[in-house]
*Asks:* 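Before anything else, here's the structure in question.
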Amino acid sequence: KALVEYINSLNYEKELDLASYIQIRLFPKKPPENCGIQFSIYSRPYLKVTGDYYDIITVDKNRVAVVIADISGHGLSAAMILSATSAIINGMLKEKKEIDTIITELNHFLTVRYNGFELITLFIGVYNKKTRSMEYINAGHIAPLIITTNKTMYHLEGRSKILGVDPMAQYFYSRHSFNAGDHMLLYTDGLTDLYNSTSDISFGEDVLFNILNQSLTKPIEEKINAITEGIITFGQEYIKDDITIIGMHFD
C-alpha cells in the first residue's frame with residue numbers, strides 16, 4: 001500500500017511538472033517593444049502551478065493589452081481555468097473585440113458554460129501609446145497603484161463585480177490618461193496577504209506603501225526589486241499564495 005501511494009504521488013508530481021511547463025509557455029516570454037510601456041515583472045507560484053494569470057498582448061501598432069488575474073484555489077484545477085481564461089482573452093483581442101465584451105464573455109463562460117465554483121478577480125487595460133490613455137476594467141481585483149512624476153501615489157478608481165458569481169453582471173470600461181514617466185503597479189493579493197502568525201504581523205498595504213514611498217524617484221525595475229527584497233525580509237516561509245507583480249513605466 002505504501003509503495004502504491006508513493007508511485008501515485010510521483011505520478012501526481014509529474015503531472016504538476018507538466019502543467020507547470022505548459023503554464024510557463026502561456027505566459028509572455030518577453031514584453032513587446034515600442035508599445036509605450038516598459039515592464040518589470042515578478043511572478044512566484046505557491047505550488048508548481050499557479051492560480052495567478054498575467055499577460056501582455058499586442059493589439060495593433062498603437063495599442064497593447066495588460067492583464068492580471070487571480071483564480072481561486074491552487075493546483076491543477078486553477079491551472080486549467082487559467083488556460084481557458086488565457087485562450088478567451090487572447091482570441092477575442094486578436095478579433096479586435098472591446099474589453100467590455102471580452103469580460104462579459106469570460107464571465108458567461110464561468111457562470112453558464114463551465115458553471116463551476118472557481119472565481120476570478122481580473123484587471124485588464126488596453127493602453128494606446130498615441131493618446132497616452134488606457135481603457136480598463138477592474139473585475140473585483142486589487143486596485144492598481146499609480147505613481148506620478150510629481151511623487152504622488154494613489155489607487156486607480158473603478159471596480160466591477162468579480163467574475164464567476166453573477167451571470168447577469170454588466171461590465172463597463174473606464175479611461176485614464178498618463179504622463180510620460182508615470183508608473184503603475186499591478187499585483188495579486190498573495191503579496192499583501194503575507195502573514196506571520198507567530199508575530200501576528202501582516203505585510204499588507206502599509207508595508208507596501210512604505211517600500212514604495214522610499215523608492216518614489218527610482219526606476220520601475222528598482223521599485224519591483226525593493227518589493228521582492230521586502231518579501232525576503234518579511235520571510236519567504238510565510239508565502240501561502242501565488243504572488244504576481246507587474247510594474248509599468250509609461251514612456
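Counting from 1, the numbers follow the sequence of the chain as shown. Only this structure's heavy atoms are used, side chains among them; waters, hydrogens and symmetry mates stay out.
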*Asks:* Counting neighbours of CG on Asn150 that are heavy atoms of other residues, nucleotides or ligands and sit closer than 6.0 Å, is the number greater than 12?
*Replies:* yes
*Asks:* Evaluate side chain to side chain contact (heavy atoms under 4.5 Å, CB included) for His176 paired with Leu156, printing each intermediate quantity in order.
*Replies:* CA-CA 8 Å; His176 184 82; Leu156 188 63; 3.6 Å; yes
*Asks:* With hydrophobic residues grouped by side-chain heavy-atom distances under 4.5 Å, do Met92 and Ile89 end up in a single group?
*Replies:* yes
*Asks:* Please name all residues satisfying salt bridge (charged side-chain N to carboxylate O under 4.0 Å, His left out) with Glu135, sequence neighbours left out, ordered by chain then number.
*Replies:* Arg175
*Asks:* Would you say CD of Glu157 has more than 12 non-hydrogen atoms from neighbouring residues, nucleotides or ligands within 6.0 angstrom?
*Replies:* no
*Asks:* With sequence neighbours excluded, what pairs up with Asp166 under the salt bridge (charged side-chain N to carboxylate O under 4.0 Å, His left out) test?
*Replies:* Lys161
*Asks:* Checking Leu191 against Ile227 for the side chain to side chain contact (heavy atoms under 4.5 Å, CB included) test, could you report, in this order, the C-alpha distance in whole Å, the side-chain angles of both residues, the deciding distance, and whether it holds?
*Replies:* CA-CA 9 Å; Leu191 172 63; Ile227 295 171; 4.0 Å; yes
*Asks:* Quick test of your reading: applying ring-ring contact (aromatic ring centres under 6.0 Å, His included), list the pairs with at least one residue in residues 129-154, sequence neighbours left out, ordered by first then second residue.
*Replies:* Phe123-Tyr136
*Asks:* For Lys30, does the NZ atom have more than 12 heavy-atom neighbours from other residues, nucleotides or ligands under 6.0 Å away?
*Replies:* no
*Asks:* When you check the side-chain N and O atoms of Thr244 and Asp52, is any donor under 3.5 Å from an acceptor?
*Replies:* yes
*Asks:* Determine whether Ile142 and Thr192 satisfy the following criterion, side chain to side chain contact (heavy atoms under 4.5 Å, CB included), listing intermediate values before the conclusion.
*Replies:* CA-CA 10 Å; Ile142 298 172; Thr192 49; 4.1 Å; yes
*Asks:* When clusters are formed by joining ILVMFWY residues with side-chain heavy atoms under 4.5 Å apart, either directly or through shared neighbours, do Ile162 and Ile81 land in the same one?
*Replies:* no
*Asks:* Got a sec, which residues hit ring pair (Phe, Tyr, Trp, His ring centres under 6.0 Å) with Tyr187, two or more places apart in sequence or on another chain?
*Replies:* none
*Asks:* Find out whether Leu185 and Ile224 are in side-chain contact, i.e. whether some heavy atom of one side chain is under 4.5 Å from a heavy atom of the other.
*Replies:* yes
*Asks:* Not counting sequence neighbours, which residues clear salt bridge (charged side-chain N to carboxylate O under 4.0 Å, His left out) with Glu229? List them please.
*Replies:* none
*Asks:* What verdict does the side chain to side chain contact (heavy atoms under 4.5 Å, CB included) test give for Asn138 and Tyr171, after you've listed the backbone C-alpha separation in whole Å, the side-chain angles of each residue and the deciding distance to 0.1 Å?
*Replies:* CA-CA 9 Å; Asn138 184 347; Tyr171 297 91; over 6 Å; no
*Asks:* Using a 6.0 Å cut-off, check whether atom CD of Glu205 has over 12 heavy atoms from anything other than its own residue.
*Replies:* yes
*Asks:* Do the rings of Phe234 and Phe203 sit parallel, tilted or perpendicular, given the 30° and 60° boundaries?
*Replies:* perpendicular
*Asks:* Any side-chain heavy atom of Asp100 within less than 4.5 Å of one from Ile137?
*Replies:* yes
*Asks:* Could you pull out all residues at least two apart from Phe209 that satisfy ring pair (Phe, Tyr, Trp, His ring centres under 6.0 Å)?
*Replies:* His155
*Asks:* Determine whether more than 12 heavy atoms belonging to other residues, nucleotides or ligands lie under 6.0 Å from atom CD of Gln236.
*Replies:* yes
*Asks:* Could you tell me whether the side chains of Tyr238 and Asn196 share a donor-acceptor contact shorter than 3.5 Å?
*Replies:* yes
*Asks:* Side chains of Asp200 and Tyr195: is there a donor and an acceptor less than 3.5 Å apart?
*Replies:* yes
*Asks:* Between the main-chain N or O of Val112 and the side-chain N or O of Asn115, is there a donor-acceptor pair closer than 3.5 Å?
*Replies:* no
